[in-house]
Amino acid sequence: MNTTFEQLKQHCMGCRDCALCETRHNVVFGVGNPTAEVLFIGEGPGENEDLQGEPFVGRAGKLLDTMLEAVGLSRKHNIYIANMVKCRPPQNRDPLPEEQAACRKWLDAQIRALSPKIVVCLGRIAAFKFISEDFKVTKQHGQFIEKDGVLYMGMFHPAAILRNPNQKPLAFADFVALRDKIQEVCEHTEFCFE
Ligand code: URA
């Protein structure tokens, strides 16, 4: 991790700006390459993430990794993954507006540090905030929307794909579209096939 990210992470680890700090085991700051051109944003940590301190390490995370790997992307090499909130909401409920607001400064600082070319919103919570308040994942997934020189795309949340496996082919098509867009607009992203 480069210095800006490391300092930011250390600062974030001590955050007590909303009630989620009372029940968390770990702050889940984010994972990936701090020079990535592509940022994925999920909702918030679940139980496994809270225990391990890393985003998307449960079943949904395994599915995310599989889809990423299929198009030459990986959290180890060429993307960064963060969440709207850095601490687990109890019982995996949606993060409350005030929790999202209190946490937003960390995500904004991550975005400033990364300066991504493409932001992928995993599920409606991130898509509402970054794309539009009336974003419909089922209708608008896979579409790129440009704002201030950054391309945003909403995707099905991997947990939603686990609940509704019929969506897998559509979801996978979005990863292929993402790969094509990376080839078009990203300068230093190298695809990796291990
Ligand atoms: N779901 C999310 O949105 N983020 C995680 O880190 C894990 C599950």
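Keep in mind that the numbers below use all heavy atoms, side chains included, and drop hydrogens, waters and symmetry copies. First listed ligand is number 1; within each ligand, the first listed atom is number 1. In what follows, residues are counted from 1 in the order of the sequence shown.
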Could you tell me which residues satisfy side chain to side chain donor-acceptor pair (under 3.5 Å) with D94, sequence neighbours excluded, listed by chain and number?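 In terms of side chain to side chain donor-acceptor pair (under 3.5 Å), with neighbours along the sequence ignored, D94 is linked to R124.
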Partners meeting salt bridge (charged side-chain N to carboxylate O under 4.0 Å, His left out) with E43 (sequence neighbours left out):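 Partners of E43 by the salt bridge (charged side-chain N to carboxylate O under 4.0 Å, His left out) criterion come out as none, since no residue qualifies.
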Under 4.5 Å between side-chain heavy atoms, hopping through other hydrophobics if needed: is there a path connecting M153 to L39?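 Both belong to a single hydrophobic cluster.
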Cation over ring, R104 on F130, under 6.0 Å and within 45°?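 Yes.
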For Q143, check side chain to side chain contact (heavy atoms under 4.5 Å, CB included) against everything at least two apart and list the hits.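 Q143 satisfies side chain to side chain contact (heavy atoms under 4.5 Å, CB included) with Q140 only.
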If you compare all heavy atoms of D50 against all heavy atoms of P45, which two are closest, and at what distance to 0.1 Å?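 Nearest pair, atom of D50 first, then P45: N-CB, 4.2 Å.
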Who's touching ligand 1 if we go heavy atoms under 4.0 Å?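 Within the 4.0 Å shell of ligand 1, which is judged on heavy atoms, sit G42, E43, G44, E49, P55, F56, N83, H157.
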